[in-house]
Q: 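Just dropping this structure here.
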2 protein chains.
Amino acid sequence: MDIQLKRGLLEVCVLAAIKSEDSYGYKIIKDMKPYIPLSESTLYTILKRLESANMLTVRTAEHDGRLRKYYHITGAGQKRIEDFKNQWNEILSIYQFVTKEDERNG
Amino acid sequence: MDIQLKRGLLEVCVLAAIKSEDSYGYKIIKDMKPYIPLSESTLYTILKRLESANMLTVRTAEHDGRLRKYYHITGAGQKRIEDFKNQWNEILSIYQFVTKEDERNG
DNA sequence: GCATTATACCTCGTGTTATGATGTATTTCA
DNA sequence: TGAAATACATCATAACACGAGGTATAATGC
């Protein structure tokens with residue numbers, strides 16, 4: 001996937017990865033991998049950003065003797081997903097603009 | 001439209017704006033405005049980038065006593081549009097990932 | 001005649017962001 | 001015993017959109 005195109009989707013995908021159930025870094029990466037592969041450094045940057053924006057909250061819990069940080073989506077985070085959905089029509093119209101019949105060669 | 005989301009679409013849109021007919025800066029901005037508004041500084045940055053990547057060629061012509069720089073799409077530019085089209089299915093699957101039923105609240 | 005707007009181009013500095021490289025520490029499995 | 005998986009984190013870098021600013025001519029309004 002094109003890096004630039006990824007940019008607009010990454011944040012929302014991370015939120016989507018925790019919206020049904022609280023999750024943690026390593027699992028988020030595995031869940032997103034089939035859709036958008038991302039590195040750990042990228043994910044933790046995004047998680048920090050989303051936390052600063054109050055789109056998620058963090059809670060540390062022990063699991064098999066290892067610490068995990070569980071991320072929980074907030075109302076603002078859910079709104080972020082809704083905003084993305086609302087932009088979808090704009091994206092579709094852009095897709096049509098890009099793919100519409102080319103008179104020069106068509 | 002979300003700035004980050006714009007990033008992946010701007011370049012392809014500029015190429016789409018010149019694919020049927022050679023065009024020039026001012027007109028490209030007006031043509032794109034209904035889909036993605038962009039500033040002149042952004043456009044000229046992108047045009048330079050696309051020229052460096054051999055995705056378009058430039059030709060200067062006089063029009064009503066004013067100089068215009070006409071941009072012409074190349075094969076590489078057309079391929080860039082094709083690549084975008086080919087990524088569309090990935091974007092759709094991401095959209096579904098983001099919008100799929102939320103068991104926590106749904 | 002004069003001011004404003006539209007047309008048409010360009011550069012520079014800045015802030016945001018994705019990512020590779022790197023580091024720490026534990027558990028599991030060969 | 002040593003490699004891989006799990007799980008977290010930071011830093012430097014490069015790409016990029018954009019506001020602010022600059023130059024110049026044509027058209028329009030008063």
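Per chain, numbering begins at 1; letters A, B, ... match sequence-line order. Here the structure is a predicted model, which means the values were calculated and not measured. Scope of the values below: all heavy atoms of this structure, side chains included, with no hydrogens, waters or symmetry mates.
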Q: With heavy-atom distances below 4.5 Å as the criterion, would you say the side chains of A:Q87 and A:D83 are in contact?
A: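 When only atoms from C-beta onward are counted, A:D83 and A:Q87 do not touch, as no gap falls below 4.5 Å.
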Q: Between A:K6 and C:dT19, is there a side-chain N or O to OP1/OP2 distance below 4.0 Å?
A: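 Yes, within the criterion.
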Q: How many whole angstroms separate atom CG of B:D2 from atom C1' of C:dT16?
A: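 To the nearest whole Å, that distance equals 12 Å.
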Q: Could you tell me the separation between the NE2 atom of B:H63 and the P atom of C:dA6, rounded to a whole number of Å?
A: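 Value for this atom pair: 18 Å.
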Q: Check nucleotides 25-29 of chain C against the protein and report each pair of N or O atoms closer than 3.5 Å, with its distance, or say if there are none.
A:
{"residue": "C:dT26", "atom": "O2", "partner": "A:R66", "partner atom": "NH1", "Å": "2.5"}
{"residue": "C:dT27", "atom": "O4'", "partner": "A:R66", "partner atom": "NH1", "Å": "3.4"}

Q: Tell me the interatomic distance from A:L10, atom CG, to C:dT19, atom P, rounded to whole angstroms.
A: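 Rounding to the nearest Å, CG of A:L10 and P of C:dT19 are 6 Å apart.
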Q: Are any of B:R68's side-chain N or O atoms less than 4.0 Å away from OP1 or OP2 of C:dA8?
A: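 The answer is yes; a side-chain N or O of B:R68 sits under 4.0 Å from OP1 or OP2.
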Q: Counting only heavy atoms not in A:I3 (residues, nucleotides, ligands), do more than 12 fall under 6.0 Å from its CD1?
A: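 At most 12 heavy atoms, drawn from other residues, nucleotides or ligands, come within 6.0 Å of this atom.
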Q: Taking all atoms of both residues into account, what is the closest heavy-atom pair of B:E40 and B:Y26, and its distance?
A: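 For B:E40 and B:Y26, the tightest heavy-atom pair comes out as OE2-CE1, 4.1 Å.
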Q: About how many Å separate CG of A:L47 and OG1 of A:T45, when rounded to the nearest 0.5 Å?
A: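 If I round to the nearest 0.5 Å, the distance is 9.0 Å.
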Q: A:L5 has an atom CG; how far is it from atom P of D:dA17, in whole Å?
A: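 Checked: the CG to P distance equals 12 Å.
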Q: Using a strict 4.0 Å threshold on nitrogen-to-oxygen distance, state whether A:E82 and A:K85 make a salt bridge.
A: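 The answer is yes: the pair qualifies as a salt bridge.
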Q: Starting from P on C:dA6, measure out to OH on B:Y24 and report it in whole angstrom.
A: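 About 15 Å, once rounded to whole Å.
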Q: Look up atom NZ in A:K19 and atom CZ in A:R80, then write down how far apart they are to the nearest 0.5 Å.
A: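 Interatomic distance, A:K19 NZ to A:R80 CZ, rounded to 0.5 Å: 13.5 Å.
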Q: Between C:dT19 atom P and A:M1 atom CE, what is the distance in whole Å?
A: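 Between P of C:dT19 and CE of A:M1: 11 Å.
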Q: D:dC18 C1' sits how many Å from B:I3 CD1, rounded?
A: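 It works out to 8 Å between those atoms.
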Q: Contacts to DNA chain C from residues 36-50 of chain A, heavy-atom cutoff under 4.0 Å, which residues?
A: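 Per residue number, the list reads A:S39, A:S41, A:T42, A:T45, A:I46, A:R49.
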Q: Under 4.0 Å between any heavy atoms, over every strand shown, what does A:K30 touch: base, sugar-phosphate, or nothing? Just pick one.
A: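 It contacts sugar-phosphate atoms only.
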Q: Is the shortest side-chain heavy-atom distance between B:L5 and A:V12 below 4.5 Å?
A: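 No, too far: nothing below the 4.5 Å cut-off.
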Q: For the residue pair A:L9 and B:Y95, establish whether any side-chain heavy-atom pair is separated by less than 4.5 Å.
A: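 No, side chains not in contact.
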Q: Please tabulate, one pair per line, all N/O donor-acceptor pairs under 3.5 Å involving side-chain atoms of residues 48-64 of chain A, not counting sequence neighbours.
A:
{"residue": "A:R49", "atom": "NE", "partner": "A:E11", "partner atom": "OE2", "Å": "3.1"}
{"residue": "A:R49", "atom": "NH2", "partner": "A:E11", "partner atom": "OE2", "Å": "3.3"}
{"residue": "A:S52", "atom": "OG", "partner": "A:K48", "partner atom": "O", "Å": "3.0"}
{"residue": "A:R59", "atom": "NH2", "partner": "A:D22", "partner atom": "OD2", "Å": "3.1"}
{"residue": "A:H63", "atom": "NE2", "partner": "A:R68", "partner atom": "NH2", "Å": "3.3"}

Q: With a 4.0 Å cutoff (strictly under), does any side-chain N or O of B:Y26 reach OP1 or OP2 of C:dA6?
A: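 No, outside the criterion.
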Q: Hey, which sits more toward the 5' end of DNA chain D by its nearest nucleotide, A:Q4 or A:K69?
A: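 Mapping each residue to its closest nucleotide by heavy atoms, the 5'-most match is A:K69.
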Q: Roughly how many Å is it from CG in B:D31 to P in C:dT7, rounded to a whole number?
A: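 Whole-Å distance recorded here is 12 Å.
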